[in-house]
Amino acid sequence: MAESPIYFTTPIYYVNAEPHLGHTYTTVVADSLVRFWTARGRDAFFVTGTDEHGDKIAQAAEKAGVTPKAYADRISGIFRSTWEATGLQPGWFVRTTDPQHTAFVQKILHEIHARGDIYFGSYTGLYCTGCERFYQERELVNGVCPDHKTAPVEIAEENYFFRMGAYQERLLALIEAQPELISPDGYRREVLGLLREPIGDLCISRPKARLQWGIELPFDDRYVTYVWFDALLSYVSALHAAGRPELWEHAHHLIAKDILKPHAVFWPTMLMAAGLPMYQRLHVHGYWQMNQDKMSKSLGNVVRPLDMQARYGMDAFRYYLLREMSFGQDAEFSEAALVTRLNADLANGFGNLASRVLAMQQRYFQGVMQPRAPEGPDLPLREAFVTARRELDAHVSQLAIHRGLESVWRALDHANKYVTDTAPFSMAKDPAKKPRVGAILHELCETLRVTSQLLAPFLPETSARLIALLGLPSATLTELDLPWGTAFAEGHRTLAPEPLFPRIDVVPE
RNA sequence: CGCGGGGUGGAGCAGUCAGGCAGCUCGCGAGGCUCAUAACCUCGAGGUCGGUGGUUCAAAUCCACCCCCCGCAACCA
């Protein structure tokens, strides 16, 4: 392929919580984009995984009476099995406790240290002995620790620091020279704002006296590294583990806005210090806002992907997430809105079209495909799908997946209108018009086939089912990009319809 | 002047970067069709695109100022 490979990452998820809506959204986007580019003939790959070190995990494990490793194994396993069960297919699942990752982090730390960009210094802060952690001024409630209600003491601690500030000018110049590096543009401006102030250096260690659950510094065994040097490097280490190190220079990171700073400031300066190529793009999305009233009743305010899958089907859940959120903006999550989308777009718009077409094909021709004879409205129908494909590609390339889906649905609307306008169900009563009826249904079967292919990255299960109902091999979905009108050989048979998306008539509370 | 996001018919939103008849879903009213998942199609009511001023042949879109709402501010996507 002429086009370069493309490598997507989700954040690696912290194992202090089980998979929720936010994790699922980013992972669904990554999965869909990989399927999309793969379908366009591009070498596409995505990595997700779990971030397992640190204070909170050590504490949670202690509370649960297990070792940190055992605790992390359990939650990490839940992430992995959840993605597997929901059909999200990362090319690699990285864990920060993987020996390969640990070794990679130590190698990079060693190199940066040897180059003089990591130094030993003193850190002064407000420390709560109960929590065994430092507090920021603003985190305190009336000057005391919110947990222990005691005043923290100011202590100095010796630690290692990364000379992040030394790379500030280079980073600023980079972002100004490559406006597309961080998108949407609002987040780029936010980063430029951050860079107007001195960014300072970054504390990257914790003494083992306070924290053992981490990766030991290769140059001082009294310390472990803390958070970002560990987590961010997983984006690269995962590729080494997966045997695809060459993909690094094609990296596109998908993140939510809360971790913008680490990804837009810490990470690029770390890459510069490590002498690694810069990532291609940082794509920042917004939050799903919850309406507490609605969610708290049935779900305890947590949206679990497996629950959504069980209740509505994974494709409907995927569709809702992709269609409802404008990437970069916040969106509101509600099951009522999900049901509306499911009924209006999936059941009535798409599913019903498949039902009526396959039913007529069955009723009038026992499923046997009739020859085409394009005339009048047939050409505009095909054009509608050509346009849909062009718009879908343009929008998805810019991560405007919601607009891409909207384009496909415009074509589906056209197809439903085509059925009404050409009225094959009326003509079928006149034997002389049977050939035209067959030709119309042939065009409509093509719309279903093309729709399956266009939507396969976003609705993989449904697309596969529809291709099967059309009597086509599953390879059609991914490998055969056939010109319109050539997919169905003479004598081809389609199957009887079955609902792709049952309507949901009970609106959730 | 901390940073960012938002304010578009009854509800929820897209469209703003690359200015050109104001679009989608739901809801409401009327009609059509009967192949289909009580689905589909047509027509209609409903908006001075938060406000004011400016640029332009042309502004929801660009510029300036103002009003209101919401997040964030070192580890929840």
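The sequence lines fix the lettering, A, B, ..., with proteins before strands; numbering per chain opens at 1. Values below: all heavy atoms of this structure, side chains included; hydrogens, waters and symmetry mates excluded.
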Practice task
Return the residues of residues 20-30 of chain A meeting this criterion: a heavy atom under 4.0 Å from some atom of RNA chain B. Order them by number, or give none.
Solution key: A:His20, A:Gly22, A:His23, A:Thr26

Completion exercise
Within residues 430-446 of chain A, the residues having a heavy atom closer than 4.0 Å to RNA chain B are none

How many whole angstroms separate atom [atom1] of [X] from atom [atom2] of [N]?
X	N	atom1	atom2	result
A:Glu332	B:A11	CD	P	14 Å
A:Met360	B:C33	CE	C1'	12 Å
A:Arg465	B:U37	CZ	C1'	12 Å
A:Ile182	B:C17	CD1	C1'	16 Å
A:Lys261	B:G2	NZ	C1'	13 Å
A:Tyr418	B:C35	OH	P	18 Å
A:Leu322	B:C13	CG	P	18 Å
A:Ile259	B:C72	CD1	C1'	14 Å

What about [X] and [Y], are their ring centers closer than 6.0 Å?
X	Y	value
A:Phe229	A:Phe162	yes
A:Tyr319	A:Phe458	no
A:Trp288	A:Tyr320	yes
A:Phe79	A:Tyr13	yes

Mind checking if [X] touches a base, just sugar-phosphate, or nothing, with heavy atoms under 4.0 Å?
X	result
A:Gly286	base
A:Pro11	sugar-phosphate
A:Phe501	base
A:Trp288	base

Say you pick atom [atom1] in [N] and the same atom in [M]; how far apart are they, in whole Å?
N	M	atom1	value
B:A58	B:C70	C1'	34 Å
B:G47	B:G10	P	7 Å
B:U48	B:A22	C1'	13 Å
B:U16	B:U8	C1'	11 Å
B:G31	B:U37	P	25 Å

Fill in the blank from the handout: Sorted by position of nearest nucleotide on RNA chain B, 5' first, the leading residue of A:Ala359 and A:Leu412 is A:Ala359

Which of these nucleotides, [options], is closest to any side-chain atom of [X]?
X	options	result
A:Ser326	B:G15, B:A39, B:A77	B:G15
A:Lys417	B:C76, B:C41, B:A36	B:C41
A:Lys429	B:U34, B:U37, B:C13	B:U34
A:Asn416	B:C40, B:A36, B:A14	B:C40
A:Ser355	B:A36, B:A39, B:C13	B:A36
A:Arg403	B:G12, B:A39, B:U16	B:U16
A:Arg503	B:A39, B:C76, B:C35	B:A39

Practice task
Assess whether atom CD of A:Glu84 is packed by more than 12 heavy atoms of other residues, nucleotides or ligands within 6.0 Å.
Solution key: no

Practice task
Answer yes or no: are there more than 12 heavy-atom neighbours, outside A:Gln212 itself, under 6.0 Å from its atom CD?
Solution key: yes

Exercise for the section: Give me the ring orientation class for A:Phe350 and A:Phe501: parallel if the planes are under 30° apart, tilted from 30 to 60°, perpendicular past 60°. Expected result: tilted

Handout entry: Footprint string (nucleotides 18-26 of chain B, 5' to 3'): B base within contact, S backbone only, - free, heavy atoms under 4.0 Å
Key = B------SS

Practice task
Quick one: stems involving RNA chain B, counted as three or more successive Watson-Crick or G-U pairs, both distances short of 3.5 Å.
Solution key: B:2-7 with B:67-72, B:10-13 with B:23-26, B:28-32 with B:40-44, B:50-54 with B:62-66

Completion exercise
Minimal heavy-atom distance between A:Tyr364 and A:Lys434, with the atoms involved, is O-NZ, 3.8 Å

Fill in the blank from the handout: Minimal heavy-atom distance between A:Ile259 and A:Pro11, with the atoms involved, is CD1-CG, 3.8 Å

Restricting to side chain to side chain contact (heavy atoms under 4.5 Å, CB included), what partner residues turn up for [X], sequence neighbours left out?
X	answer
A:Leu172	A:Glu169, A:Glu176, A:Leu192, A:Leu195
A:Ala384	A:Ala411, A:His414
A:Leu194	A:Lys261, A:Val265

Handout entry: Qualifying residues under side-chain hydrogen bond (donor to acceptor under 3.5 Å, both in side chains), relative to A:Trp267, sequence neighbours excluded
Key = A:His253

Handout entry: Rounded distance (nearest 0.5 Å) linking atom CD1 of A:Ile182 with atom CD1 of A:Ile255
Key = 8.5 Å

Every protein N/O lying under 3.5 Å from an N/O of nucleotides 3-5 of chain B:
| unit_1 | atom_1 | unit_2 | atom_2 | d |
| --- | --- | --- | --- | --- |
| B:G5 | OP1 | A:Arg189 | NH2 | 2.9 |

Problem - Partner residues of A:His283 under the ring pair (Phe, Tyr, Trp, His ring centres under 6.0 Å) criterion, sequence neighbours left out - result: A:His252

Handout entry: Phosphate OP1/OP2 of B:U34 contacted by A:Arg356 side-chain N/O (<4.0 Å)
Key = no

Practice task
Return no unless some side-chain N or O of A:His402 is found under 4.0 Å from OP1 or OP2 of B:G15.
Solution key: yes

Practice task
Only pairs at least two apart or in different chains count here, so list each side-chain hydrogen bond (donor to acceptor under 3.5 Å, both in side chains) that has a residue in residues 351-360 of chain A.
Solution key: A:Arg356-A:Asn416

Practice task
Output yes when A:Lys257 and A:Asp330 qualify as a salt bridge under the 4.0 Å nitrogen-oxygen rule, no when they do not.
Solution key: yes

Practice task
Not counting sequence neighbours, list each pair that qualifies as a salt bridge (charged side-chain N to carboxylate O under 4.0 Å, His left out) and has a residue in residues 338-350 of chain A.
Solution key: A:Glu324-A:Arg341, A:Arg341-A:Asp345

Exercise for the section: Using the salt bridge (charged side-chain N to carboxylate O under 4.0 Å, His left out) rule, take A:Arg465 and A:Glu498 through it: C-alpha gap first, then chi angles, then the decisive distance, then the call. Expected result: CA-CA 10 Å; A:Arg465 279 182 65 203; A:Glu498 53 184 69; 2.9 Å; yes

